[in-house]
Amino acid sequence: DKAVPYPNRKKGICTECLEKLPFTNNNTCYKCGRQLFDGQKEWCEDCIRTRQKHLYESGMALCSYDDLMRESVYRLKYGKRREYAKTYGQLMGKRFGEVLRSLKVSSIIPVPLHQRREKERGYNQAAVLAREIGKACGIPVYEDLVTRVRNTLPLKSMTPVQRQNNLKKAFKIRRNDVKLGVTIVIDDIYTTGSTIDAVSEVLIKAGALRVYFMTLAIGEDF
């Protein structure tokens with residue numbers, strides 16, 4: 001999407017690589033924001049099957065999760081390329097800032113890592129994304145509101161049911177002094193929505209009026 005404004009940065013992702021990224025356009029799933037390739041559809045196949053089960057209202061994603069994004073996200077998470085998250089977060093904030101304002105979002109919550117995993121990695125990529133989105137949109141970010149109390153197994157090879165079981169009681173609210181209002185959850189990748197739902201559940205119980213989500217990348221429709 002050539003309309004997306006690229007940050008002017010000396011470090012991060014070069015303009016040549018940014019122009020190759022699979023940015024989503026306006027033809028996306030009404031529920032999860034997944035890119036649709038059939039112009040007649042309003043829902044992706046996954047949400048047609050599961051849309052009544054999700055706890056979040058709806059979501060949006062900057063890019064489709066193709067091979068190029070898979071490599072970029074891998075470098076972000078495991079290759080110490082923290083600057084990628086800063087660049088991507090700026091893009092997400094600029095791309096979806098008006099949407100967040102129209103939804104009256106008043107709080108941004110990054111999906112937390114377990115402290116052991118964050119210590120190994122050196123940072124939480126969702127938190128870095130969230131900070132940049134917050135700066136771009138003027139919305140407060142609460143990094144320490146939700147904590148991950150279980151060091152869950154990697155989700156990529158699990159079935160949807162296994163993902164849900166793996167995430168049971170994985171998150172809890174650490175503090176109760178934040179009026180959540182309309183909240184948006186930030187993560188790097190959306191596949192089945194299990195993680196977003198697990199975080200949404202604790203936020204709703206803590207008083208969130210509505211929960212939306214935004215991710216860097218989302219799986220393609222099938």
Check against salt bridge (Lys or Arg N to Asp or Glu O under 4.0 Å), E120 and R116: CA-CA 6 Å; E120 291 171 353; R116 185 186 306 168; 5.8 Å; no
Salt bridge (charged side-chain N to carboxylate O under 4.0 Å, His left out) contacts touching residues 176-187 (sequence neighbours left out):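 For residues 176-187, and leaving out neighbouring residues, the salt bridge (charged side-chain N to carboxylate O under 4.0 Å, His left out) pairs sorted by first residue read R175-D177.
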Pair listing, salt bridge (charged side-chain N to carboxylate O under 4.0 Å, His left out) test, anchored in residues 101-110, at least two apart: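 Sorted pair list: E98-R101.
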pair E220-F37: side-chain heavy atoms closer than 4.5 Å: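 They are in contact (side-chain heavy atoms under 4.5 Å apart), so the answer is yes.
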Any side-chain heavy-atom pair of T24 and R95 under 4.5 Å: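 Heavy-atom side-chain distance check passes, below 4.5 Å.
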Restricting to non-hydrogen atoms, name the atom on [X] and the atom on [Y] that form the minimum distance, rounded to 0.1 Å.
X    : Y    : result
C63  : F23  : SG-CD2, 3.7 Å
T87  : I13  : OG1-N, 3.9 Å
L129 : I186 : CB-CG2, 4.0 Å

Pairwise distance CG(L113) to OH(Y123) - rounded to 0.5 angstrom: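 Between L113 CG and Y123 OH, I get 10.0 Å after rounding to 0.5 Å.
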Value rounded to 0.5 Å, distance of CD in Q125 from CG in L216: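 Reported to 0.5 Å precision, the distance equals 9.5 Å.
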Check this for me, if you would: do [X] and [Y] make a salt bridge, where the nitrogen-to-carboxylate-oxygen distance has to be below 4.0 angstrom?
X    : Y    : value
K135 : E132 : yes
R75  : E71  : yes
R81  : E83  : yes

Option among I184, L100, I133 that satisfies the side chain to side chain contact (heavy atoms under 4.5 Å, CB included) test with I139: L100
Pairs involving residues 187-220, ordered by first then second residue, that meet ring-ring contact (aromatic ring centres under 6.0 Å, His included) (sequence neighbours left out): Y56-F213, Y190-F213
Over 12 foreign heavy atoms within 6.0 Å of OH, Y30: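 Counting neighbours around OH of Y30, 12 or fewer heavy atoms of other residues, nucleotides or ligands fall under 6.0 Å, so no.
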Heavy-atom neighbours of D38 CG exceed 12 at 6.0 Å: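 Yes, enclosed.
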Step-by-step side-chain contact (heavy atoms from CB on, under 4.5 Å) determination, R70 to Y65: CA-CA 6 Å; R70 187 172 292 106; Y65 192 52; 3.4 Å; yes
Under a 3.5 Å distance rule, please check whether [X] uses its side chain to pair with a backbone N or O of [Y] as donor and acceptor.
X    : Y    : result
N124 : V111 : yes
K31  : E57  : yes
T215 : A217 : yes
R34  : I218 : no
R148 : P112 : yes
K20  : T15  : no
Q35  : N27  : yes
S107 : L180 : yes

Pair Y88-S72, side-chain donor/acceptor within less than 3.5 Å: yes
Step-by-step side-chain contact (heavy atoms from CB on, under 4.5 Å) determination, V211 to I204: CA-CA 7 Å; V211 180; I204 292 168; 3.9 Å; yes
